[in-house]
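Following: one structure in structure tokens, then a few remarks.
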Amino acid sequence: MTKDTTKTALVTGASRGLGAACAEYLAQHDYHVIALARTTGALEDLDDRIQAAGGAATLVPVDLTNDHAIQQICLSIFERWGKIDILVHAAIHAPPLCPTGHMDEKDLDKSIAGNIRATSRLIVNTEPLLKAAQGQAVFFNDPVKSKRFHATYGLTKAAQMRLARSWQDEGSATGIKVHVLDPNPMPTALRARFYPGEDRAALTPCQDEAERLLQSVI
């Protein structure tokens, strides 16, 4: 069966914030965006914006902590395109901030599932498709300005970054170029939870950051 040769971009956390901005940027640069997120309505809004700008997307409402979801999604991508040209992993689980001595086990479990297990599963299942395209993968670092009350988020984000950097170091063997990028502070919902009362007018718009970060990648 002949595969569709269109350039493909798999974007997680694509319904809002930096993920949505990256999806729109890639669609504007002739990638067919496979947009993953939990929120169907926000994905549909993204699709409207992409189509209005002349791009194309496939919407996949999904919970990345589902053990079989990524495997099935990657199988569908293989059957249609046979490859992924670029992976942008913007999805993140942000638990409530709390003192380290008061960490909630349920929040910790959700953070491990969303930030570590889902990332490892994503790497395992996308690697063959990225290899087929000699593709690229993008992860986003998040150096928080205050270490207090960030134990649950901080430890799982650090573990996610360790996964990304290990994969990056293996690039000579896999043929996949892995980027770990540092976004400037943006007015996202996640940041609003961490820093309530912050002057959001002083933050960089997500669209500007997506362009700044991705223009050096694609």
Side-chain angles (χ1 to χ4, degrees), residues 10-23 36-39 42 62-67 69-70 87-127 136-171 178-206 208-210 212-214 217:
L10 179 63
V11 182
T12 71
S15 62
R16 62 186 180 182
L18 183 58
C22 286
L36 277 56
R38 291 188 183 190
T39 311
V62 65
D63 181 351
L64 292 180
T65 65
N66 182 307
D67 285 342
I70 290 297
L87 163 68
V88 176
H89 186 31
I92 194 72
H93 176 72
L97 300 184
C98 70
T100 304
H102 295 269
M103 285 192 297
D104 181 81
E105 286 191 4
K106 289 183 179 179
D107 287 334
L108 179 59
D109 289 344
K110 287 180 181 178
S111 299
I112 290 170
N115 299 339
I116 303 175
R117 286 179 49 120
T119 300
S120 65
R121 193 179 300 117
L122 190 68
I123 291 171
V124 168
N125 284 282
T126 60
E127 183 174 271
Q136 303 185 81
V138 175
F139 297 84
F140 299 110
N141 194 16
D142 186 9
V144 296
K145 68 180 182 182
S146 171
K147 308 301 181 189
R148 294 187 306 160
F149 312 128
H150 284 75
T152 305
Y153 173 74
L155 76 88
T156 55
K157 184 63 180 180
Q160 184 192 74
M161 290 297 94
R162 184 64 264 162
L163 284 168
R165 293 191 187 280
S166 292
W167 203 24
Q168 184 181 55
D169 291 342
E170 295 158 9
V178 177
H179 308 268
V180 178
L181 306 179
D182 294 313
N184 290 317
M186 296 166 288
T188 61
L190 183 152
R191 188 172 181 87
R193 291 179 62 188
F194 284 178
Y195 308 117
E198 183 178 45
D199 179 10
R200 292 170 71 82
L203 304 177
T204 306
C206 295
D208 292 352
E209 275 303 278
R212 182 184 73 83
L213 294 165
L214 293 182
V217 174

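- With contacts defined as side-chain heavy-atom distances shorter than 4.5 Å, the pair R191/D142 does not qualify.
- Shown here for S111 and P95, the closest heavy-atom pair between the two residues is OG-CG, 3.3 Å.
- Separating the CD atom in E105 from the NZ atom in K110 is a distance of 13.5 Å, to the nearest 0.5 Å.
- Remark: the backbone N or O of T100 is not paired with any side-chain donor or acceptor of H102 at under 3.5 angstrom.
- Of all heavy-atom pairs between G19 and A90, the closest is CA-CB, 3.6 Å.
- With a 4.5 Å cut-off on side-chain heavy atoms, F139 and L163 do not count as touching.
- Separation of atoms CD1 (I70) and OG1 (T65) is listed at 10.0 Å; rounding is to 0.5 Å.
- In this structure the side chain of T152 never reaches within 4.5 angstrom of the side chain of D104, judged on heavy atoms.
- Here the side chains of R212 and N184 are in contact, with some heavy-atom distance below 4.5 Å.
- Between the CZ atom in R162 and the OG1 atom in T119 there is a gap of 13.5 Å [rounded to 0.5 Å].
- You'll find the side chain of L155 reaches within 4.5 Å of the side chain of L108, heavy atoms only.
- Distance check: I116 CD1 to H93 NE2 gives 11.5 Å after rounding to the nearest 0.5 Å.
- To the nearest 0.5 angstrom, M186 atom CE is 9.0 Å from L203 atom CG.
- Between D67 and R117 the shortest side-chain heavy-atom distance falls below 4.5 Å.
- Smallest separation of non-hydrogen atoms from A91 and G13: CB-N, 3.6 Å.
- When all heavy atoms are compared, the tightest approach of L18 to P183 is CD2-CG, 4.0 Å.
- Between the side chains of N115 and T156, at least one donor-acceptor pair of N or O atoms lies under 3.5 Å.
- In this structure, R16 and T188 have side chains that are not in contact, with every pair of non-hydrogen atoms separated by 4.5 Å or more.
- The shortest distance between side-chain heavy atoms of I92 and F140 does not fall below 4.5 Å.
- Taking each heavy atom of L64 and R121 in turn, the nearest pair found is O-NH1, 3.1 Å.
- Here the shortest heavy-atom pairing between A151 and M103 reads CB-SD, 3.8 Å.
- Exactly one of L213, T12, V138, L181 qualifies for a side-chain contact (heavy atoms from CB on, under 4.5 Å) with V88. That residue is V138.
- Here NE2 of H150 is found 5.0 Å from CZ of F194. Values are rounded to the nearest 0.5 Å.
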